[in-house]
Structures are given as C-alpha cells and as structure tokens.
Number of protein chains: 2
Amino acid sequence: MEQKTLPHGLAASRPGGPGGSPGEHGAGTGLLFLREEQMRLAQDLFFFAYRDLTASADAILSELGLGRAHHRALHFVGRRPGIAVSELLALLRITKQSLARVLGELVERGYVLQARGPRDRRQRLLSLTESGRILERRLFERQRERMVSAYRDAGGTAVDGFRRVMRGVMDDETRRLLEPQEMLPPVLRRTAG
Amino acid sequence: MEQKTLPHGLAASRPGGPGGSPGEHGAGTGLLFLREEQMRLAQDLFFFAYRDLTASADAILSELGLGRAHHRALHFVGRRPGIAVSELLALLRITKQSLARVLGELVERGYVLQARGPRDRRQRLLSLTESGRILERRLFERQRERMVSAYRDAGGTAVDGFRRVMRGVMDDETRRLLEPQEMLPPVLRRTAG
DNA sequence: CCATTAAGTCAATGAAGCTGTCTTAACTGC
DNA sequence: GCAGTTAAGACAGCTTCATTGACTTAATGG
C-alpha cells in the first residue's frame, strides 16, 4: 500500500533535466541543477563509486593479509617518494599511532624503505622498495582499468568536469596540498625557483 | 609553466593538456588523457574528495554518539522509504550483523521505524521517523553546502561530466541498482511497467 | 507439508581508527 | 652551549565498524 506508487528510488527523475545538458550556469536556467535531488544523487554517486573503486583492489590485499590502510600508505609513498612521516600524516589525516602500525608492517615486509633525512636527520624519509613498487602497481592496475574505461566512455570534456567537481568538494586545506608546490618538502620549496 | 618542472608532487603537470580541452576522444589526440599520471591523479581526487565530504558531517554525528555507518543507513532509508532490510543490505554491501547493530541503535533512538510488510509479513520495511528526517537533514545540509558550491563553481557541463565518470567507475551491479526501476521491490517490478 | 526466505541473534574476531602519555634524538634560537 | 621545540616512535587502552559461522523464528509458496 504505502509503496504502490513509489515516488522515490535512488536515481529518481532528474528535475529540470540537467542530466542532459544544463547549459552552463546561465541566469535563465537558474540553479536547477543545484536542487536537492541532484545533491542526494551526488551523495549516492560518491558512496558507490568510491566503494567500488577501493573494493577493486581488495582481493590482492587480503591475499597478502594487508588492508586498505596499507594500500593508502603505499599509494602516497609511491606518489611522493622521499616523503617524511609527518607529511604523510598530514596527507592521510590520521594519527601517528594509526599510521605507525600500518607503516611498521610495510617496512617489516620490505615494501617501504626508511632513510634518515640528509638535511634533517630526525626525519625518516619514506620510499618504496622494488617489491613495494611491484605491489603498488598490481593494486593500481585494478583501479586503473576501472578509471580508464570510465574516462574513455565519458570523454575528455567529462573528465575535465569530473576533476573540477572533485576539487571543489575538497577542503581548502586539501586543495592546497594537491598543488605541486605544496607537495614538495619545505627545503625544495625554497630552492626550486 | 606556473608550476616549474617538478619531479613529483601529487598533481604533477598534466601531460597532453586535457586539463584544458582534450577534444572528446578523437583518434588524433590518442589516449593522452588516459595516461598513468592522469589515473594516479584520479586516485588522489577520489581519496581526498570522499574523505572531506564524509568528514563534513562528523561533528554532528560524534555529538550524538553516532558514527558514519549510522549516517549511511539513515541516508539510504531516507532515500528509499519503505526499503526492506535485505535491500538495504544489498545497497550497503555489508553483512546482516554489521547492519543489525547500527540499525538497532537507530530504531532504539527513534530515528528509524520498522513496519511489517503488507504483502510479505516477514519483511521489516524501514522508514525515517520525523526526528530521523530532521537528523538526516542536518547531516545532509553540511554535505549539501559543499556539493552545491562545487557544482556551482564547476558549472553544469562539468556536473554532467562528473556524473558520467562516477557512474563509469562503479560495478555493473551497482549501476543497475542506481536505476529507478531496479530500486523498486520485486513485487512492483513485475507490476509496474 | 516442507523447503526456502526474511529477519534477528549469539559469540568471537579483525581492521583501523582514536586518546593520552612518554622517550629519544636532532634541530633552532637566543 | 643550553633551552625549548620538533620528528619519530612506543606503550596502554579504547571505539567503531566490519567480518565469519551457527542458529532461531516466522512467513511464504510450490
């Protein structure tokens, strides 16, 4: 009875039709595509896409007795070889203790290397070992396939839009961290000009 | 140019310049925007955007002693009032036991209502109570602000692209679940259409 | 009537985060 | 050169959220 004519469903009708071609953000169209249902849909998209993307590497991880936290650490160390522990903490936004467990295992298993910082010997600069690079690549490959086909199917314009929206959703702080300049260690930030 | 020539950094230079206008996926441009660095960047975007988006509701949640799992359940029940437990499980892809704890608390606190299914009395159809709707709205509001400004800044075309990429990243199975038809209970699926 | 299904339950376990406190070593500023 | 700060690591204990496996109860449906 109460669900005879279900007025809902996760991807309910798109009011105003911005699913098609909203025509920029002209004054005439108003803010149709900002309407509530659009935002609810965006929540769904985030949840499902992120879940499925991350899940795609799980098979390999559980094979090795590793978790997603290990993958994240591996990813960012691979992304930024020579990163200091404190910088990695700032990227991941977890506590030192949470990272320590994960990082400790990665070092112990020979995936990550710690090197004393040449300028600041308190630092432990992190990088991937050869087997770390191989593992990271295996994990990446699964996600890469998904993203490549998504990008290909959506087309270049869509990819650009995707990136703009993703950046827009982030904290200002996070967006700053994504800028190359900010990603360099402080030492280089002064030198590289 | 504005970003020197950096060996690394999370958002390294965009090869081929798809940041500008890649011109669909023409044969000439090749698959420039599918290159490795692009895919790594996409991983970063997913991680940071999802993290910041979900984190934006955390303050309210922890105030009430609830977690993100509660928010997810609340969201999907609100999104699909009258949903059966088994359907919610399929959406979230967690185990019955994991959901039971969370759902039990939400019912106990008076945010979620369980009603015996009229056609199948084994089912417990879930819906939000008035206070459940209020809470969900408070949580939604934080995320909505973020997404609205991201959408507005990016523009309608970008939003469309965003949605296409997000869908493309999902499992086929998940994509099916997002279609309105599939969101209807089996009984109606036969009747409606 | 009996097999299947929807939901709930018990018990144990694991992954991944958190807080707070503390130590050690190295850098930095006065 | 000493004092204060910083980078990293470690100990103890806790919370959230997921897992598996086995089992019960009630309702459905051939």
Side-chain angles (χ1 to χ4, degrees), chain A residues 47 50-51 54-55 57-59 61-77 82-108 112-126 185-187, chain B residues 47 50-51 54-55 57-59 61-75 77 82-108 112-126 185-187 190:
Chain A
F47 172 71
Y50 186 76
R51 184 196 59 182
T54 55
D58 282 358
L61 287 169
S62 78
E63 228 174 67
L64 297 170
L66 298 173
R68 292 178 185 180
H70 299 93
H71 187 188
R72 282 195 290 275
L74 215 53
H75 167 79
F76 282 115
V77 171
I83 190 174
V85 173
S86 57
E87 294 173 309
L88 186 52
L89 283 173
L91 276 184
L92 295 171
R93 292 219 195 134
I94 57 177
T95 57
K96 214 192 333 179
Q97 293 68 20
S98 296
L99 179 59
R101 194 181 343 96
V102 164
L103 205 50
E105 285 176 290
L106 291 176
V107 169
E108 193 186 355
V112 167
L113 214 96
Q114 291 171 309
R116 205 161 273 260
R119 289 168 242 289
D120 186 338
R121 289 164 32 81
R122 290 172 303 176
Q123 294 182 323
R124 298 289 178 278
L125 305 184
L126 307 169
V187 185
Chain B
F47 172 72
Y50 186 76
R51 183 196 62 180
T54 55
D58 282 359
L61 287 169
S62 77
E63 229 174 66
L64 298 171
L66 297 174
R68 290 179 186 182
H70 298 93
H71 188 187
R72 283 195 290 274
L74 214 54
H75 167 79
V77 172
I83 191 174
V85 172
S86 57
E87 294 174 309
L88 186 53
L89 283 172
L91 277 183
L92 294 170
R93 290 217 196 137
I94 58 177
T95 57
K96 214 192 332 179
Q97 293 69 20
S98 297
L99 179 58
R101 192 186 347 96
V102 165
L103 205 51
E105 285 177 290
L106 291 177
V107 169
E108 193 186 355
V112 168
L113 212 96
Q114 291 172 309
R116 204 163 273 259
R119 302 188 215 324
D120 187 337
R121 289 164 34 80
R122 290 172 302 178
Q123 294 182 324
R124 298 289 178 277
L125 305 184
L126 307 169
V187 185
R190 267 181 265 119

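Note: hydrogens, waters and symmetry copies are ignored here, and every other heavy atom, side chains too, is used.
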Colleague: Hey, where on DNA chain C does chain A first and last touch, going 5' to 3'? Cut-off is any atom under 4.0 Å from a heavy atom.
Modeller: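 Contact span on the strand: C/dA16 to C/dC27.
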Colleague: Are B/S98 and D/dT19 close enough that a side-chain N or O sits under 4.0 Å from OP1 or OP2?
Modeller: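 Yes, within the criterion.
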Colleague: In whole angstrom, what separates A/R51's CZ from D/dC17's C1'?
Modeller: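 That distance rounds to 16 Å.
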Colleague: Hey, does the side chain of A/R124 reach the backbone of A/R122 with a donor-acceptor pair shorter than 3.5 angstrom?
Modeller: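 Looks like yes, one N/O pair under 3.5 Å.
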Colleague: Quick check for you: among D/dG9, D/dC17, D/dA8, whose closest atom lies nearest to any side-chain atom of B/R68?
Modeller: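 Minimum distance to the B/R68 side chain belongs to D/dC17.
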Colleague: Could you tell me whether A/T95 contacts a base, only the sugar-phosphate backbone, or nothing, with contacts defined as non-hydrogen atoms closer than 4.0 Å?
Modeller: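 It contacts base atoms.
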Colleague: Calculate, to the nearest 0.5 Å, the distance between atoms CG and CZ belonging to B/D58 and B/R68 respectively.
Modeller: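 Separation between the atoms: 4.0 Å.
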Colleague: Any chance you could measure A/L74, atom CG, to A/L126, atom CG, to the nearest 0.5 Å?
Modeller: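 Result: 11.0 Å between the selected atoms.
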Colleague: Taking CG from A/L66 and P from D/dT19, how many angstroms apart are they, rounded to a whole number?
Modeller: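 Rounding to the nearest Å, CG of A/L66 and P of D/dT19 are 19 Å apart.
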Colleague: Taking 4.0 Å as the cut-off, does a side-chain nitrogen or oxygen of B/H70 come that near to OP1 or OP2 on D/dC17?
Modeller: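 For B/H70, the contact criterion (side-chain N or O under 4.0 Å from OP1 or OP2 of D/dC17) is met.
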Colleague: Rounded to the Å, how far apart are A/Q123 CD and D/dT5 C1'?
Modeller: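 Rounding to the nearest Å, CD of A/Q123 and C1' of D/dT5 are 14 Å apart.
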Colleague: Protein within reach of the bases, or only the backbone? For nucleotides 21-30 of chain D, mark each nucleotide 5' to 3' as B, S or -, using heavy atoms under 4.0 Å.
Modeller: BB----BS--
Colleague: So, is B/R72 close to the D/dA18 phosphate, meaning a side-chain N or O under 4.0 Å from OP1 or OP2?
Modeller: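 Checking B/R72 against D/dA18: at least one side-chain N or O falls below 4.0 Å of OP1 or OP2.
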Colleague: In residues 99-108 of chain A, which residues come under 4.0 Å of DNA chain C by heavy atom?
Modeller: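 Result for residues 99-108 of chain A: A/R101, sorted by number.
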Colleague: Would you give the length of the straight line joining atom NE2 of B/H71 to atom CG of B/L64, rounded to the nearest 0.5 angstrom?
Modeller: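 Result: 11.5 Å between the selected atoms.
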Colleague: To the nearest 10 degrees, what angle separates the axes at the start and end of the helix from C/dC1-D/dG30 to C/dC30-D/dG1, five pairs each?
Modeller: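 Inter-axis angle at the ends, rounded: 30°.
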Colleague: Hey, which sits more toward the 5' end of DNA chain C by its nearest nucleotide, B/R124 or A/G65?
Modeller: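 Result: B/R124.
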Colleague: For residues 98-107 of chain B, tabulate all N or O donor-acceptor pairs below 3.5 Å that involve a side-chain atom, not counting sequence neighbours.
Modeller:
{"unit_1": "B/S98", "atom_1": "OG", "unit_2": "B/T95", "atom_2": "OG1", "d": "3.0"}
{"unit_1": "B/E105", "atom_1": "OE1", "unit_2": "B/H70", "atom_2": "NE2", "d": "2.8"}

Colleague: With sequence neighbours left out, what residues match A/E63 under salt bridge (Lys or Arg N to Asp or Glu O under 4.0 Å)?
Modeller: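 Expected list: A/R138.
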Colleague: Could you measure the distance from the CZ atom of A/R93 to the CZ atom of B/F47? Nearest 0.5 Å is fine.
Modeller: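 Reported value, rounded in 0.5 Å steps: 9.0 Å.
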Colleague: Rounded to the Å, how far apart are B/R93 CZ and D/dT19 P?
Modeller: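 One finds 12 Å between P of D/dT19 and CZ of B/R93, rounded.
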Colleague: How many angstroms lie between CG in A/L125 and CG in A/L88, if you round to the nearest 0.5 Å?
Modeller: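 So the CG of A/L125 and the CG of A/L88 are separated by 11.5 Å.
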Colleague: In Å, rounded to the nearest 0.5 Å, how long is the span from CZ of A/F76 to CG of A/L92?
Modeller: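 Answer for the CZ-CG pair, A/F76 versus A/L92, is 6.0 Å.
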Colleague: Measure across A/T54 and A/R51 and return the closest heavy-atom pair with its distance rounded to 0.1 Å.
Modeller: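 Smallest interatomic distance, heavy atoms only, reads OG1-O, 3.0 Å.
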